[in-house]
Amino acid sequence: MALIVAKFGGTSVADIERIEIAAKKIAREVAAGHKVAVVVSAMSGVTNQLVEYCGKISPLYDVREYDVVVSSGEQVTAGLMALALQKHGVPARSWLGWQVPIHTSEMHGKARIEGIETEELHKRLDAGEVAVVPGFQGVTGRNRISTLGRGGSDTSAVALAAALGAERCDIYTDVDGVYTTDPRIVPQARKLKKISYEEMMELASLGAKVLQTRSVEIAAKMDVPIQVLSSFEDHIGSDLPGTLVTREEDIVEQEVVSGIAYSRDEAKVTALGVPDVPGVAAKLFTPLAKAGINVDMIVQNVSADGKSTDMTFTVPRVELARAQEVIGKQADLKATKIVTADNVAKVSVVGIGMTSHSGVASKMFETLAEKGINIQVIATSEIKISVLIEEDYVELAVRALHAAYGLEEKKKAV
Ligand code: ADP
Ligand code: ASP
Ligand code: MG
């Protein structure tokens, strides 16, 4: 008998039929003797619609009220899931974020979970009741509803699994595991039986939205095994049919490149003609950091005249309006012009094996050059290389790189 947390994403609870299918899976786990806490997302499309409503009122909306609006999608599914479980003979009740409670930071729109009180949940689980918890939401120290950033139900599930001391966190989604790249773009992508926390974290942070990055960070820190599996197949998590995200030492076979990730959630900002003197980067990036805007890739051009230079960086596309507003207020930055573009995307090659192999970057640049794809910005770390390109070429780039690194076949080195 184990305690399992099972999370169902948007497409897995898209309508009443899907919710009932999910409920039947939970009923099977319960019948097998397991205690189960279920975490649910909003029905697919609902969160997008709610985000759109807020943006229509104002692009610079109050994020505290945004959280009240966008968290509502998960509330609906939690109630419906509890009803579906009851219908299938499983005692169940819903627990909203503030009822558990799930405590979070004050950073509305992308809050972090700081603690989860589990005493009551444990009592109910021990009594044989399934707990249904809406993902994505929590409550701040000021008693306001918060949300965890897009894709945040994964993080709710893993954090709950860690807090409850669950044996495993099953993430039911619309693909049957983690692949070498997005299988919707590259049909030849290969499913990975296991992937290390480190690589999954990198893939997720670079855009592989199958898991939210923060969920993998928590799993790694708290040693929670995650299993990614399809809710569209007739198995349940205890059959272990998906991809296991686990510790590196548990993975026998390591490849140089384990996957290709992409993100369309990017926007590029260039500050033209800023003075080439100490302190300029701080003038630009400190206010952005204070406003909670994550700056990702950065390049500073060589100064042609020794007096002024251009600085280019990327921010999440959803935060471009806010970033422009913040930069616009920095009069002492003395930029001649601020230019922005949101038709850009980031493509990344990821692999732990890169640390001990050379030639990975050159292969990436050659492959993109062969396809005539221009690289705008490059960023590297020990286990990844990312490039910023025009968004129209993202699928072409991902397919070409996937083939170039031989990811569809097994054991082919670069
Ligand atoms: P959910 O609604 O269940 O949370 P998401 O849409 O957030 O599902 O995440 C699942 C999607 O992630 C898949 O449909 C797939 O298109 C995408 N994806 C991107 N990269 C990968 C990858 N490397 N492996 C599997 N899926 C991926
Ligand atoms: N419903 C939220 C979103 O669409 C959270 C999630 O599904 O994980 O981002
Ligand atoms: Mg998701």
Side-chain angles (χ1 to χ4, degrees), residues 6-14 18 22 39-52 66-67 69-78 97 109-111 133-138 146-159 169-193 195 199-216 226-232 242-243 245 257-265 316 318 345-351 394-395 398 401-402 407-408:
K7 177 251 171 180
F8 291 85
T11 19
S12 306
V13 291
R18 298 283 343 148
V39 173
V40 286
S41 286
M43 292 158 128
S44 68
V46 167
T47 311
N48 285 348
Q49 176 74 76
L50 296 169
V51 170
E52 207 182 305
Y66 163 94
D67 276 353
V69 176
V70 301
S71 61
S72 65
E74 271 73 8
Q75 170 162 344
V76 173
T77 344
K110 49 183 166 186
V133 178
F136 191 44
Q137 58 171 259
S146 52
T147 65
L148 310 177
R150 297 305 305 268
S153 296
D154 298 326
T155 300
S156 309
V158 175
C169 183
D170 289 340
I171 303 281
Y172 286 93
T173 181
D174 55 4
V175 281
D176 62 353
V178 178
Y179 281 72
T180 46
T181 193
D182 189 343
R184 298 192 192 285
I185 289 198
V186 184
Q188 300 83 356
R190 181 165 46 86
K191 185 174 141 185
L192 303 164
K193 270 200 167 145
I195 183 168
E199 283 174 307
M200 191 64 238
M201 229 182 289
E202 205 70 31
L203 280 176
S205 71
L206 295 168
K209 63 176 184 151
V210 61
L211 288 174
Q212 198 197 36
T213 315
R214 184 78 190 123
S215 71
V216 192
I226 301 179
Q227 190 188 199
V228 177
L229 69 170
S230 168
S231 70
F232 289 78
T243 296
V245 187
V257 168
S258 53
I260 315 285
Y262 68 94
S263 163
R264 298 178 195 273
D265 175 35
V318 285
K346 184 169 66 175
V347 177
S348 310
V349 171
V350 176
V394 71
E395 297 199 3
V398 170
L401 291 168
H402 195 266
L407 289 176
E408 67 273 24

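Source: prediction; values computed, not measured. Ligands are counted one by one from 1 in listed order, and the atoms in each one are counted from 1 as well.
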Student: Which bit of Val210 gets closer than 4.0 Å to ligand 1, counting heavy atoms only: side chain, backbone, both or neither?
Tutor: both
Student: Using distance alone, decide if ligand 1 has a nitrogen or oxygen within less than 3.5 Å of any nitrogen or oxygen in Ser12.
Tutor: no
Student: Of the side chain and backbone of Lys7, name the one, both, or neither that has a heavy atom under 4.0 Å from an atom of ligand 1.
Tutor: side chain
Student: Indicate yes or no: does an N/O atom of Arg184 lie under 3.5 Å from an N/O atom of ligand 1?
Tutor: yes
Student: Ignoring angles and geometry beyond distance, decide whether Gly10 reaches within less than 3.5 Å of ligand 1 through its nitrogen or oxygen atoms.
Tutor: yes
Student: Would one find an N or O of Lys7, backbone or side chain, under 3.5 Å from an N or O of ligand 2?
Tutor: no
Student: Atom 6 (C) of ligand 2: which protein heavy atom is closest, and how many Å away?
Tutor: Ser153 OG, 3.4 Å
Student: Taking only non-hydrogen atoms of Gly10, do any sit less than 4.0 angstrom from ligand 2?
Tutor: no
Student: Are Glu395 and Arg184 ion-paired here, with the side-chain N under 4.0 Å from a carboxylate O?
Tutor: no
Student: Give yes if a backbone or side-chain nitrogen or oxygen of Asp174 is under 3.5 Å from a nitrogen or oxygen of ligand 1, and no if not.
Tutor: yes
Student: Under 3.5 Å, N or O to N or O, is Ser41 touching ligand 1 that way?
Tutor: no
Student: So which heavy atom in the protein is nearest atom 4 (O) of ligand 2, and how far is it from that ligand atom?
Tutor: Arg150 NH2, 2.9 Å
Student: When you look for heavy atoms under 4.0 Å from ligand 1, do you find them on the side chain of Val228, its backbone, both, or neither?
Tutor: neither
Student: Does ligand 1 have any atom that is closer than 4.0 Å to a heavy atom of Leu203?
Tutor: no
Student: Among protein heavy atoms, which sits nearest to atom 25 (C) of ligand 1, and what does the distance come to when rounded to 0.1 Å?
Tutor: Gly177 O, 3.4 Å
Student: Using heavy atoms and a threshold below 4.0 Å, how should the contact between Ser44 and ligand 1 be classified: side chain, backbone, both, or neither?
Tutor: neither
Student: Which protein non-hydrogen atom lies closest to atom 16 (O) of ligand 1, naming both residue and atom, and how far is it?
Tutor: Asp182 OD1, 2.8 Å
Student: Nearest protein heavy-atom contact for atom 1 (N) of ligand 2: which residue, which atom, what distance?
Tutor: Glu74 OE2, 2.6 Å
Student: Give me the nearest non-hydrogen protein atom to atom 7 (O) of ligand 1 as residue plus atom name, then the distance to 0.1 Å.
Tutor: Lys209 O, 3.3 Å
Student: In the protein, which heavy atom is nearest to atom 1 (P) of ligand 1, and how far is it?
Tutor: Thr173 OG1, 3.6 Å
Student: Quick one: nearest non-hydrogen protein atom to atom 23 (N) of ligand 1, plus distance?
Tutor: Tyr179 O, 2.9 Å
